[in-house]
J.: 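Here it is, the structure, as structure tokens.
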Amino acid sequence: MFERQNFGDIVETTPVVVTIAAEETAVTRVEEVSIQDAWERVRRRLRAELGEDVFSSWFGRLEIAGIVEGVAYLTVPTRFLKSWLEAHYTERLRVNCMAELPAPNGVMLSVRTVSRDPAAQPQIEALRNRPTTVASPAPSEAGRPAIVSLPQAGESDLVDACGTGLDRRMSFQSFVVGKSNQLAFAAAERIAAAPAGQSPYNPLYLHAGVGLGKTHLLQAIAQEARRQGKRVAYFTADRFMYGFVAALKSQTALAFKEKLRGIDLLVVDDVQFIQGKSIQQEFGHTINALLDAGKQIVVAGDRLAGELEALDERIRSRLGGGLVVEVGELDETLRATILSSRLEALQAAHPNFQVSPDVIAYVSRVVATNGRDLDGAANRLLAHATLSGQLVTLETAEAAIRDLVRTREPRRVKIEDIQKLVATRYNVSRADILSERRTAAVVKPRQIAMYLSKALTPRSLPEIGRRFGGRDHTTVLHAVRKIEKAISEDRSLHDEVDLLKRMLQE
């Protein structure tokens with residue numbers, strides 16, 4: 001059996017066998033009672049932290065399936081509930097589970113299936129027979145999500161060339177197009193429709209924040225290309241890593257590589273989570289082989305390829321050399337359209353469920369984060385209407401979505417945006433800021449841009465220096481200290497820099 005450390009090193013370990021033989025029934029029952037007691041403590045902690053209303057809505061049906069090899073496997077009854085917990089309560093769930101449960105390797109979340117045999121344990125048995133894919137105990141350091149989803153059987157009957165299920169609901173027809181995603185949608189359609197080997201955009205790299213439609217577009221590309229007879233391989237980052245590790249374990253790595261090189265279209269989602277030197281090398285070799293053979297590649301990440309510091313530089317260069325498109329934030333008009341489409345789908349199953357245009361306008365105005373929150377709002381409205389038997393009014397809508405209306409997180413600031421804004425503000429070019437020029441007209445805005453890069457981005461001093469024409473980190477540190485001293489002594493400069501900060505964060 002193999003245990004993944006960081007997907008770079010594969011270590012053979014002694015299998016941990018969980019037996020349920022008749023002679024060990026008593027021991028098993030004691031272990032189950034102990035786990036259930038610990039799970040109840042987790043539930044009490046969550047209830048105390050979140051309040052009864054939030055706990056009942058989102059954690060009431062969360063159950064523990066078991067603990068295998070230090071991983072706590074949690075289950076929920078619906079895919080929507082799983083997605084919601086991943087999007088909103090990942091870190092809180094991880095911290096509380098690891099505080100009470102004997103699960104040093106983290107937790108996993110999946111949708112439970114209902115077995116016709118009450119004695120069967122399909123969740124645990126399936127998990128025992130696959131390599132462990134776990135959440136890092138320190139996700140902020142490892143750069144991986146705190147909860148890794150297991151692929152769910154039966155979600156779709158569409159399967160790609162490597163056996164990955166595609167979600168039939170994520171098609172081009174169901175994608176809602178607006179100003180923020182129009183270019184990405186057009187590029188995706190063009191690539192999916194192009195004959196094999198004749199795509200005008202290769203590779204296509206999409207980047208956006210959470211819940212803005214990257215996965216929907218990638219799934220739509222894969223499904224449409226598959227419908228046209230192309231050989232498609234669709235991977236999430238964790239699925240690609242699992243496939244590579246499984247191939248190493250079964251000594252079929254060569255077959256795994258050859259299978260990937262025989263496809264017409266490779267689609268990879270959440271590329272920022274690909275970890276491990278050997279896996280990144282194989283990913284890079286696959287990209288190079290496919291591009292050299294004229295095969296299409298579509299990749300999505302949560303930021304520009306050049307900003308994926310954990311990814312091999314050669315991979316970043318390859319991805320950044322094609323068509324790079326950002327899927328922007330949803331404006332109010334697009335949010336209203338998305339919400340209306342979600343409500344129409346719910347109304348088809350619940351004819352008595354009606355929502356007025358005023359309520360739609362209100363919800364789309366105050367739920368301003370992403371599409372997943374809009375899904376949550378639509379389901380909240382349905383739940384309140386069906387459980388209370390009352391019409392959905394502005395008052396009931398406000399109560400239903402109260403915990404979705406939260407202060408927006410500050411906009412993620414990019415160093416390129418800082419350089420452009422500062423250059424415009426001080427009437428110089430971005431090329432001037434990156435150049436070796438040392439005139440006062442250039443040095444001041446350059447130092448201000450470096451200071452803002454340190455203050456508003458998580459980039460290290462060496463990385464900031466590289467983004468400013470390959471300068472040394474000591475140059476950046478000098479600039480930061482000089483501007484800090486200057487704004488503490490010069491009120492007008494303080495106000496000027498503060499204005500730049502606000503403009504970048506809005």
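Worth saying up front: this structure is predicted, and the values here are computed from it rather than measured. Atom set for the values below is all heavy atoms of this structure, side chains included, hydrogens, waters and symmetry mates excluded.
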J.: Below 4.5 Å, heavy atoms only, C-beta onward: do Leu265 and Arg231 meet side chain to side chain?
T.: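 Heavy-atom side-chain distance check fails, nothing below 4.5 Å.
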J.: Just by distance, do the side chain of Asn96 and the backbone of Arg92 share a donor-acceptor pair under 3.5 Å?
T.: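 Judged by distance alone, yes, a pair lies under 3.5 Å.
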J.: Does a donor on one side chain and an acceptor on the other come within less than 3.5 Å for Tyr205 and Glu326?
T.: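 Judged by distance alone, the side chains do not pair up.
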J.: How far apart are the closest heavy atoms of Gln223 and Asp167, and which atoms are they?
T.: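 Scanning both residues, the minimum pair turns out to be NE2-O, 2.5 Å.
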J.: Using a 3.5 Å distance criterion without hydrogens, assess whether the side chain of Asn181 forms a donor-acceptor pair with backbone atoms of Gly213.
T.: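 No: the side chain of Asn181 does not pair with the backbone of Gly213.
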J.: Whether the side chain of Lys214 engages the backbone of Asp269 through a donor-acceptor N/O pair (distance < 3.5 Å, no angle test) should be reported.
T.: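 A pair under 3.5 Å: no.
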J.: If you take all heavy atoms of Leu381 and Ala400, which pair is closest and at what distance?
T.: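 That would be CD2-CB, 4.3 Å.
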J.: How close do Val422 and Pro445 get, counting heavy atoms only, and between which atoms?
T.: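 Shortest heavy-atom contact: CG1-O, 3.3 Å.
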J.: Kindly indicate whether the side chain of Tyr451, heavy atoms from C-beta on, has any atom under 4.5 Å from the side chain of Val476.
T.: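 Sidechains of Val476 and Tyr451: no contact.
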J.: Are a donor atom and an acceptor atom from the side chains of Asp358 and Ser356 found within less than 3.5 Å of each other?
T.: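 No pair is found: no donor N or O on one side chain lies under 3.5 Å from an acceptor on the other.
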J.: Tell me whether Arg190 contacts the main-chain N or O of Tyr201 through its side chain, where contact means a donor paired with an acceptor under 3.5 Å.
T.: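 Judged by distance alone, no pair lies under 3.5 Å.
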J.: Using a strict threshold of under 4.0 Å (side-chain N to carboxylate O), is an ion pair present between Lys179 and Asp331?
T.: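 No salt bridge links Asp331 with Lys179.
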J.: Applying the side chain to side chain contact (heavy atoms under 4.5 Å, CB included) criterion to Asp264, which one of Arg226, Lys230, Gln296 satisfies it?
T.: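 Running side chain to side chain contact (heavy atoms under 4.5 Å, CB included) over Arg226, Lys230, Gln296 with Asp264 returns exactly one hit, Lys230.
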J.: Are Glu282 and Thr286 close enough that some pair of their side-chain heavy atoms sits under 4.5 Å apart?
T.: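 Touching, per the 4.5 Å side-chain cut-off.
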J.: Does atom CD of Gln281 have more than 12 heavy-atom neighbours, drawn from other residues, nucleotides or ligands, at distances under 6.0 Å?
T.: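 More than 12 within 6.0 Å, yes.
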J.: Got a second to check how far Ile338's CD1 is from Leu330's CG, nearest 0.5 Å?
T.: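 Output value for this atom pair is 4.5 Å.
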J.: Are there more than 12 heavy atoms of other residues, nucleotides or ligands under 6.0 Å from atom CZ of Arg430?
T.: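 Yes, enclosed.
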J.: Could you tell me which non-hydrogen atom of Leu421 sits nearest to which non-hydrogen atom of Met503, and how far apart they are?
T.: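 Leu421 and Met503 have their closest heavy atoms at CD1-CE, 3.7 Å.
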J.: Angle between ring planes, Phe283 versus Phe240, binned at 30° and 60°: parallel, tilted or perpendicular?
T.: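 Taking Phe240 first and then Phe283, their aromatic rings stand perpendicular (interplane angle over 60°).
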J.: Taking atom types as modelled, find out whether Asp432 and Ser429 have a side-chain donor-acceptor pair closer than 3.5 angstrom.
T.: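 Looking only at side-chain atoms, Ser429 and Asp432 do form a donor-acceptor pair, the distance falling under 3.5 Å.
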J.: Indicate yes or no for a side-chain donor-acceptor contact from Gln272 to the backbone of Asp302 under 3.5 Å, with no hydrogens or angles considered.
T.: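 Here the side-chain-to-backbone pair exists.
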J.: If the condition is ring pair (Phe, Tyr, Trp, His ring centres under 6.0 Å), which residues does His207 pass it with, not counting sequence neighbours?
T.: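 Applying ring pair (Phe, Tyr, Trp, His ring centres under 6.0 Å) to His207 gives none.
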J.: Heavy-atom distance under 4.5 Å between the side chains of Phe244 and Met241, does that happen here?
T.: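 A side-chain contact under 4.5 Å is absent here.
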J.: Quick one: CD1 on Ile360 to CZ on Arg342, what's the gap to the nearest 0.5 Å?
T.: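 It comes to 13.0 Å.
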J.: Can you sort out the partners of Gln228 under side chain to side chain donor-acceptor pair (under 3.5 Å), two or more places apart, ordered by chain and number?
T.: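 Per chain and number, Gln228 pairs via side chain to side chain donor-acceptor pair (under 3.5 Å) with Glu224.
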J.: If we check side chain to side chain contact (heavy atoms under 4.5 Å, CB included) with Ser180, which of these qualifies: Leu212, Val327, Leu334, Thr333?
T.: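 Exactly one option meets the side chain to side chain contact (heavy atoms under 4.5 Å, CB included) with Ser180, and it is Leu334.
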J.: One pair to check against side chain to side chain contact (heavy atoms under 4.5 Å, CB included): Arg335 and Val367. What are the steps and the verdict?
T.: CA-CA 8 Å; Arg335 294 198 300 270; Val367 180; 6.0 Å; no
J.: Using the rule given for salt bridge (charged side-chain N to carboxylate O under 4.0 Å, His left out), can you reason through Asp292 versus Arg318, listing the C-alpha separation, both sets of side-chain angles and the distance that settles it, and then say yes or no?
T.: CA-CA 11 Å; Asp292 292 344; Arg318 272 292 201 175; 3.3 Å; yes
J.: On a heavy-atom basis, which atom in Val271 and which in Gly301 lie closest, and how many Å separate them?
T.: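 Looking at all heavy atoms of both residues, the closest pair is CG1-CA, 4.2 Å.
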J.: Taking the side chain as every heavy atom from C-beta outward, state whether Phe59 and Leu85 have any atom pair closer than 4.5 Å.
T.: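 In contact.
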J.: Show, in sequence, the C-alpha distance, side-chain angles and deciding distance for Arg425 and Leu500, and conclude whether the side chain to side chain contact (heavy atoms under 4.5 Å, CB included) test is met.
T.: CA-CA 9 Å; Arg425 184 76 175 176; Leu500 290 171; 4.0 Å; yes
J.: Measuring from atom CD of Gln447 to atom NE2 of His478, what distance do you get when rounded to the nearest 0.5 angstrom?
T.: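 It is 5.5 Å, given to the nearest 0.5 Å.
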J.: Return the set of residues passing side chain to side chain donor-acceptor pair (under 3.5 Å) with Arg303 (not counting sequence neighbours), or none when no residue passes.
T.: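 Side chain to side chain donor-acceptor pair (under 3.5 Å) list for Arg303, sorted by chain: empty.
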J.: Report yes or no: do Ser174 and His216 form a side-chain donor-acceptor pair below 3.5 Å?
T.: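 Per modelled atom types, Ser174 and His216 side chains form a pair under 3.5 Å.
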J.: Quick check against the 3.5 Å criterion: does Arg261 have a side-chain atom that pairs as donor or acceptor with the backbone of Lys257?
T.: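 Side chain of Arg261 to backbone of Lys257: a pair is present.
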J.: Okay, side chain of Asp417, backbone of Val413: is any donor-acceptor separation there less than 3.5 Å?
T.: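 Between the backbone of Val413 and the side chain of Asp417 there is no qualifying donor-acceptor contact (under 3.5 Å).
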J.: Can a donor-acceptor pair be found, under 3.5 Å and without considering hydrogens, that links the side chain of Arg316 to the backbone of Ala305?
T.: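 Checking the backbone N and O of Ala305 against the side chain of Arg316, no donor-acceptor pair under 3.5 Å is found.
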J.: Phe468: which residues meet the ring pair (Phe, Tyr, Trp, His ring centres under 6.0 Å) condition with it, sequence neighbours left out?
T.: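 Phe468 satisfies ring pair (Phe, Tyr, Trp, His ring centres under 6.0 Å) with no other residue.
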J.: Apply side chain to side chain contact (heavy atoms under 4.5 Å, CB included) to residues Leu504 and Leu452 and explain how you reach the verdict.
T.: CA-CA 9 Å; Leu504 288 163; Leu452 291 172; 4.2 Å; yes
J.: To check you understand the geometry: which heavy-atom pair defines the closest contact between Leu319 and Val324, and what is its length?
T.: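 Shortest heavy-atom separation between Leu319 and Val324 comes out as O-CG2, 4.0 Å.
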J.: Does Arg168 offer a backbone N or O that forms a donor-acceptor pair with the side chain of Gln219 under 3.5 Å?
T.: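 Pair absent, no side-chain N/O of Gln219 close to backbone of Arg168.
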J.: At what distance, to the nearest 0.5 angstrom, does OG of Ser171 lie from CG of Leu166?
T.: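 Reported to 0.5 Å precision, the distance equals 12.0 Å.
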J.: Should Arg466 and Arg471 count as side-chain neighbours, where that means a heavy-atom distance under 4.5 Å?
T.: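 The answer is no; the side chains never approach within 4.5 Å.
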J.: If you measure only the distance, is there a donor-acceptor pair under 3.5 Å linking the side chains of Thr236 and Asp270?
T.: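 Result is no, nothing qualifies.
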J.: Hey, mind stepping through Val299 and Leu204 against side chain to side chain contact (heavy atoms under 4.5 Å, CB included) and telling me if it holds?
T.: CA-CA 6 Å; Val299 177; Leu204 171 64; over 6 Å; no
J.: From Arg467 CZ over to Glu416 CD, what is the distance, rounded to the nearest 0.5 angstrom?
T.: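 Reported to 0.5 Å precision, the distance equals 5.0 Å.
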J.: My understanding is that only residues two or more places apart in sequence, or in another chain, count here; which of them pass salt bridge (charged side-chain N to carboxylate O under 4.0 Å, His left out) with Lys420?
T.: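 Result, salt bridge (charged side-chain N to carboxylate O under 4.0 Å, His left out) vs Lys420: none returned.
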J.: Are Arg481 and Leu477 packed together at the side-chain level, in the sense that at least one heavy-atom pair is separated by less than 4.5 angstrom?
T.: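 Side-chain contact under 4.5 Å: yes.
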J.: Got Val95 and Leu93 here, is their nearest side-chain heavy-atom distance under 4.5 Å?
T.: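 With C-beta onward as the side chain, the pair stays apart.
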J.: For the CG atom of Leu260 and the CG atom of Leu290, what is their distance to the nearest 0.5 Å?
T.: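 Between Leu260 CG and Leu290 CG, I get 7.5 Å after rounding to 0.5 Å.
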J.: Considering residues at least two apart in sequence or located in another chain, which fulfil the side chain to side chain donor-acceptor pair (under 3.5 Å) criterion with Asn427?
T.: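 Testing Asn427 for side chain to side chain donor-acceptor pair (under 3.5 Å), a comparison that skips the adjacent residues, returns none.
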J.: Might you confirm whether atom CD of Glu313 has over 12 heavy atoms from other residues, nucleotides or ligands at distances under 6.0 Å?
T.: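 Count not over threshold, so no.
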